[in-house]
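Here is the naming used below: chain letters follow the sequence lines, and residue numbers restart at 1 for every chain. All values below were derived from every heavy atom in this structure, side-chain atoms included, with hydrogens, water molecules and symmetry-related copies excluded.
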Amino acid sequence: MKIASFNVNSIKARLTNLTDWLKEATPDIVCLQELKCLDEAFPRSEIEDLGYNVATHGQKTYNGVAILSKLPLEDVTRGLPGDDGDDHARYIEAVVSANGTALRVASIYLPNGNPVGTDKFEYKLRWMDRLIDQTAKLLSYEEPLALAGDYNVIPTADDVHDPAAWANDALFRPETRAKFRELVNLGLTDAFRACHTEAHRYTFWDYQAGAWAKDNGIRIDHILLSPQAADLLTGSDIDRNVRGREKPSDHVPIWAELDFG
DNA sequence: ATGCCGGGCGAAGCCCGA
């Protein structure tokens with residue numbers, strides 16, 4: 001069972017890039033972020049034609065998340081609990097039956113939070129509190145769970161090309177990283193880090209300033225696993241080459257392989 | 001690089017991303 005996450009930075013602008021990658025990588029489940037379109041504008045038939053079931057939580061212009069799955073999607077829920085006044089489409093959750101075992105998956109687009117010192121940063125930290133609460137609830141089920149998405153969090157200095165340059169950025173601030181540790185310390189496993197210890201492996205390169213050519217990247221897209229899912233982990237990697245193609249997103253896909261037998 | 005690129009919106013130039 002190959003589970004992937006990909007921030008596409010507009011599903012409409014990225015459709016060919018996405019379908020090319022789907023055909024070659026053949027993931028079973030894909031969590032998408034930054035659709036930037038309403039549910040009715042999602043290119044559903046183009047994705048379904050590749051053998052995927054589709055659940056979307058879209059929004060006009062900004063945000064928007066989805067889950068694609070070759071297995072049927074059950075119990076789909078949209079929106080992160082904890083704040084009825086939050087209208088950003090940043091969270092969708094569903095359950096698939098993997099060889100008789102229930103696997104819960106969430107696609108996460110955590111707020112950017114810049115600039116620090118504004119209500120945007122406070123929104124990010126409060127959103128992380130809500131994600132911690134939701135994750136604690138899901139972990140209490142003691143079942144396989146994968147939380148995959150764009151966390152907009154650089155976990156450590158090994159995950160950024162120039163830590164000093166990012167010191168005051170919302171993605172790398174101590175408060176942000178502390179919240180991320182609080183989340184992981186509930187008992188989650190960073191799938192990529194469980195399989196790779198080397199520094200400077202990135203999932204995002206800015207469109208500007210030749211960031212891709214210079215490998216000035218950051219690792220901010222993560223797949224976090226419950227203990228019951230981590231026990232099944234057999235591999236994880238970043239599909240870095242996708243960044244070098246025509247009309248790329250500024251993020252690339254990441255994936256984790258779980259062996260359900 | 002508090003915006004160099006790229007996308008949305010909407011039809012020029014601003015908002016947003018990380």
Side-chain angles (χ1 to χ4, degrees), chain A residues 5-19 21 31-43 56-66 86-91 107-128 131 148-177 179-180 192 200-222 238 240 242-254:
Chain A
S5 177
F6 189 11
N7 178 324
V8 291
N9 184 21
S10 168
I11 186 75
K12 289 182 215 170
R14 215 65 58 211
L15 187 56
T16 301
N17 184 285
L18 171 64
T19 54
W21 170 75
C31 295
L32 298 176
Q33 301 87 34
E34 280 209 87
L35 306 178
K36 296 188 174 180
C37 71
L38 294 167
D39 290 336
E40 50 267 40
F42 187 93
T56 62
H57 182 34
Q59 181 177 348
K60 189 178 174 65
T61 310
Y62 307 117
N63 309 316
V65 287
D86 182 3
D87 59 357
H88 291 205
R90 295 178 176 277
Y91 184 92
S107 180
I108 288 163
Y109 180 43
L110 205 148
N112 174 301
N114 278 307
V116 172
T118 67
D119 54 0
K120 290 190 174 183
F121 190 56
E122 288 307 307
Y123 173 63
K124 176 176 194 156
L125 295 177
R126 298 292 80 75
W127 204 94
M128 295 181 83
L131 181 61
D150 175 2
Y151 282 76
N152 273 314
V153 175
I154 301 166
T156 76
D158 282 350
D159 301 310
V160 51
H161 63 96
D162 184 354
W166 287 79
N168 198 38
D169 192 282
L171 281 64
F172 195 51
R173 286 281 297 180
E175 303 94 315
T176 304
R177 294 160 63 195
K179 287 277 181 218
F180 187 73
F192 179 79
H200 311 301
R201 294 287 308 273
Y202 307 130
T203 65
F204 169 93
W205 297 260
D206 202 298
Y207 288 121
Q208 302 176 83
W212 167 243
K214 293 186 277 193
D215 198 26
N216 287 346
I218 51 179
R219 191 174 72 93
I220 57 174
D221 300 87
H222 309 296
I238 298 166
R240 175 180 210 282
V242 173
R243 184 64 177 82
R245 297 182 179 174
E246 288 297 310
K247 256 179 97 65
S249 171
D250 38 8
H251 297 249
V252 295
I254 60 165

Item to check | Contacts of type salt bridge (charged side-chain N to carboxylate O under 4.0 Å, His left out), residue A:Arg173, not counting sequence neighbours | outcome: A:Glu175
Checklist entry - How close or far is atom P of B:dG17 from atom CZ of A:Arg90, stated in whole angstroms? => result 7 Å
Checklist entry - To the nearest Å, how far apart are A:Glu246 CD and B:dC5 P? => result 17 Å
Checklist entry - Rounded to the Å, how far apart are A:Phe121 CZ and B:dT2 P? => result 17 Å
N/O to N/O distances under 3.5 Å, protein versus nucleotides 6-9 of chain B:
unit_1 : atom_1 : unit_2   : atom_2 : d
B:dG7  : OP1    : A:Arg14  : NH1    : 3.3
B:dG7  : OP1    : A:Lys247 : NZ     : 3.3
B:dG7  : O3'    : A:Ser10  : OG     : 3.2
B:dG8  : OP1    : A:Ser10  : OG     : 2.5
B:dC9  : OP1    : A:Thr61  : OG1    : 3.2

Item to check | Length of the CD-C1' vector between A:Gln208 and B:dG3, whole Å | outcome: 5 Å
Next on the checklist: Under 4.0 Å, counting only non-hydrogen atoms across every strand here, what does A:Lys120 touch: a base, just sugar-phosphate, or nothing?
Outcome noted: sugar-phosphate
Checklist entry - Just checking A:Asn114: base, sugar-phosphate only, or nothing, at a heavy-atom cut-off of under 4.0 Å? => result base
Item to check | Nearest-angstrom distance, C1' atom, B:dC15 to B:dG10 | outcome: 13 Å
Next on the checklist: Holding to salt bridge (charged side-chain N to carboxylate O under 4.0 Å, His left out), I want the full list of residues that pass it with A:Asp215, two or more places apart in sequence or in another chain.
Outcome noted: A:Arg240
Next on the checklist: Just to verify, what does A:His251 make a ring pair (Phe, Tyr, Trp, His ring centres under 6.0 Å) with, not counting sequence neighbours?
Outcome noted: A:Phe204
Next on the checklist: Under 4.0 Å, counting only non-hydrogen atoms across every strand here, what does A:Tyr151 touch: a base, just sugar-phosphate, or nothing?
Outcome noted: nothing
Item to check | Atom pair distance, as rounded to whole Å: CZ in A:Arg243 and P in B:dC5 | outcome: 13 Å
Checklist entry - Under the salt bridge (charged side-chain N to carboxylate O under 4.0 Å, His left out) rule, what pairs show up with a residue in residues 112-124 of chain A, not counting sequence neighbours? => result A:Glu122-A:Arg126
Next on the checklist: Rounding to an integer number of angstrom, what distance separates B:dT2 and B:dG8 when you compare their P atoms?
Outcome noted: 25 Å
Checklist entry - Got a sec, which residues hit salt bridge (charged side-chain N to carboxylate O under 4.0 Å, His left out) with A:Arg201, two or more places apart in sequence or on another chain? => result A:Glu198, A:Asp237
Next on the checklist: Restricting to non-hydrogen atoms, name the atom on A:Tyr123 and the atom on A:Pro111 that form the minimum distance, rounded to 0.1 Å.
Outcome noted: CE2-CG, 3.4 Å
Checklist entry - Heavy atoms under 4.0 Å, any strand shown: does A:Asp150 hit a base, just sugar-phosphate, or nothing? => result sugar-phosphate
Item to check | Atom-to-atom span, NE2 of A:His88 to P of B:dG17 - whole angstrom | outcome: 8 Å
Checklist entry - How far, in whole Å, is B:dG6 from B:dA11 if one measures between their P atoms? => result 24 Å
Checklist entry - Quick one: A:Ile218 CD1 to B:dG17 P, roughly how many Å, whole number? => result 14 Å
Item to check | Exercise: do A:Asp221 and A:Ser5 side chains pair donor with acceptor under 3.5 Å | outcome: no
Item to check | Distance, rounded to the nearest Å, where A:Asn7 contributes CG and B:dC16 contributes C1' | outcome: 13 Å
Checklist entry - Across the strands shown, which category fits A:Asp221 at heavy-atom distances under 4.0 angstrom: base, sugar-phosphate, nothing? => result nothing
